[in-house]
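Along the sequence shown, residues carry numbers from 1.
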Amino acid sequence: MSITLKNPIFWSDVPDVDVLRHGSNFYMVSTTMHVLPGCPIMKSTDLVNWEIQSYIFDCVDDNSMYRLENKNSNGVYGRGQWATSLRFHDGVFYACFVCNEMKKTYIYYTKDIESGNWDRHILDGIYHDPSLLFDDGRLFIFYNCGDVKITELNPDASGVKEGGINQPLFSTPRVNIGLRCEGCHAYKINGYYYLIFIEWPKDGNKRRREVCYRSKELLGPYERKVVMDDDMGYHNKGVAQGAIFDDENGNWYSMLFQDHDAVGRIPCIMPVTWEDGWPVFGIDGKVPLEWEVPFEESGHFDMVISDSFHHSENSLANQWQWNHAPDNKFWSFTERPGYLRLTTGSLRDDVLFARNTLTQRTEGPSCQATVTAELSGMKDGDFCGLIALQSNYGTVGIKAENGKKYMIMTTKNGEQECLEFENNVAYLRIHFDYEDSRDIAEFFYSVDGVNFAKIGEELKMLYTLDHFMGYRIGIFNYASKETGGYVDFKNFEYQRF
């Protein structure tokens, strides 16, 4: 009994992964930053097929940044939930992450990891890229970049333990290192404490790599070893940062991720063996492009989906996430059955600050999304359409202005093409090409849903750190003059090539 695992397991933005096995189930979390609900719980029984079960939170905090009310604060683009540590102890699941904009560290907990019902504790301060470790009735958090620290928490994670350990642990090398160790994952296995990190040297292969520190004693001294330095033949982009975990039969694995430019950071799984107490990643030091894993294949689950919008209640499929916090008064599946109605509830002058932009990931090597927009409810100054969402964005859509409608393609530099549009139904499409990091988006429209015309310029998609996320496809509608206008969207059709 086996199934072939092919890397990457997703050609899509699923970064900062952590993986936990519970019984025969594997659970994974990933960074989702400014899109909400946040921090997905993904489940697999075969390591190949993963299903989004639920999310840990709807919104970390209801404030002006998450509501996109203040352009000076830039929302929480590139911030929000980062690098979650997923653990299980004494019947309780824990998920720990930092929100830099809040200057706090959050520890969510639940007895049912798939339910989406979590409580939380909040720690003041930023425990950067944290990893929880339960050890003989005590709980520790390891964190920081380069100068690694350890802090003891109360055993139930409710706060920092008074009088507990709270100190620097060790410093990682500085010479010829561009990014010192970060992204800690901490384990205790067979009497050793293991801390695994990503680092990025300026010499040697000059790419991201995975390093491991180990010690028989919690507070050290720690030994160091490079355990993975491979780019899978892809532009010297190293595969690093992530988890190690076992299955029920004692086999070990690691899930790490690789930067793939505009599509984002994509995860890969490799075998792990043990030699002289050190983890050995991959096969002959490489990440295998494909290999056999000893599981029965489960059903297939899509990371990105088509959606007819025929829903009997206002509930999103788990593949959808909002750009920042939605205003739930102004979107509906039930107001006009068979459609997603987006009603303008606030004034905006920038699509990056429009509320209720509904998004999904995009996927390589190439993909496209098409949606139908019915426009009779638009008011003067409204703008609706599809967006290739990142800081360097592109849109295709309809703008209502001075009693007329216009089909326009825009980028962050403004309108690139504008055509008068006399129909009340528009078919909109964006095509994404990520093959070999080509990273080009093209924009199309149609009046009949069959014959599509290209509009505007090709967008050179850029992965920029102010958003820190791979490109997403988004559906938007916002007002610049008066609220209350609406657009009815139907038949979101997604294709991957």
Side-chain angles (χ1 to χ4, degrees), residues 16-23 25-30 44 47 83-97 105 107 109 113 127-145 148-153 155 157 165 169-170 172 181-199 209-228 239-257 267-282:
D16 301 339
V17 287
D18 200 7
V19 179
L20 169 73
R21 178 183 63 82
H22 185 66
N25 297 324
F26 300 95
Y27 294 100
M28 172 174 57
V29 290
S30 171
S44 178
L47 297 184
T84 300
S85 174
L86 186 64
R87 295 291 180 263
F88 176 78
H89 178 70
D90 198 22
V92 179
F93 296 90
Y94 296 86
C96 175
F97 61 85
T105 300
I107 303 178
Y109 60 96
I113 191 172
Y127 293 76
H128 176 70
D129 280 8
S131 182
L132 297 179
L133 178 66
F134 290 90
D135 183 25
D136 294 332
R138 303 169 74 184
L139 174 57
F140 303 95
I141 184 170
F142 298 81
Y143 60 100
N144 216 33
C145 177
V148 180
K149 298 180 180 180
I150 181 174
T151 295
E152 187 169 0
L153 305 180
I165 294 172
L169 191 61
F170 55 80
T172 64
C181 283
E182 70 171 3
C184 182
H185 289 69
Y187 308 91
K188 188 176 183 183
I189 303 169
N190 295 330
Y192 273 107
Y193 295 93
Y194 294 94
L195 308 180
I196 60 173
F197 302 87
I198 178 183
E199 72 174 12
R209 65 189 183 190
E210 193 76 1
V211 296
C212 177
Y213 287 79
R214 74 172 190 181
S215 176
K216 287 281 190 179
E217 303 296 330
L218 176 67
L219 300 182
Y222 279 80
E223 308 171 88
R224 165 191 163 92
K225 189 174 185 178
V226 176
V227 291
M228 173 51 64
V239 180
Q241 190 171 336
I244 58 174
F245 52 96
D246 65 355
D247 64 22
E248 289 185 293
N249 297 315
N251 303 303
W252 283 84
Y253 311 88
S254 177
M255 186 188 293
L256 308 176
F257 68 82
C268 302
I269 296 179
M270 66 208 72
V272 172
T273 55
W274 297 86
E275 292 182 8
D276 300 323
W278 287 101
V280 179
F281 286 58

What residues form a side chain to side chain donor-acceptor pair (under 3.5 Å) with T84, not counting sequence neighbours?
-> Q81
Verify, without hydrogens or angle tests, whether [X] (side chain) and [Y] (backbone) share a donor-acceptor contact under 3.5 angstrom.
X: E152; Y: I165; value: yes
X: R209; Y: V226; value: no
X: S254; Y: V272; value: no

Exercise: identify the closest heavy-atom pair between E210 and Q241 | OE1-N, 2.7 Å
Distance-minimising heavy-atom pair for L20 and F88 | CD2-CB, 3.8 Å
Parallel, tilted or perpendicular: which one describes the rings of [X] and [Y], with boundaries at 30° and 60°?
X: H89; Y: F134; result: parallel
X: H185; Y: Y187; result: parallel
X: H22; Y: F93; result: perpendicular
X: W274; Y: W252; result: perpendicular

Has K188 got its NZ or CZ under 6.0 Å from the middle of the six-membered ring of Y194, at an angle within 45 degrees of the ring axis?
-> no
Sequence neighbours left out, what pairs pass salt bridge (charged side-chain N to carboxylate O under 4.0 Å, His left out) with at least one residue falling in residues 244-254?
-> R21-D246
Mind checking side-chain contact (heavy atoms from CB on, under 4.5 Å) for V280 and listing every partner two or more places apart, or none if nothing turns up?
-> T273, E275
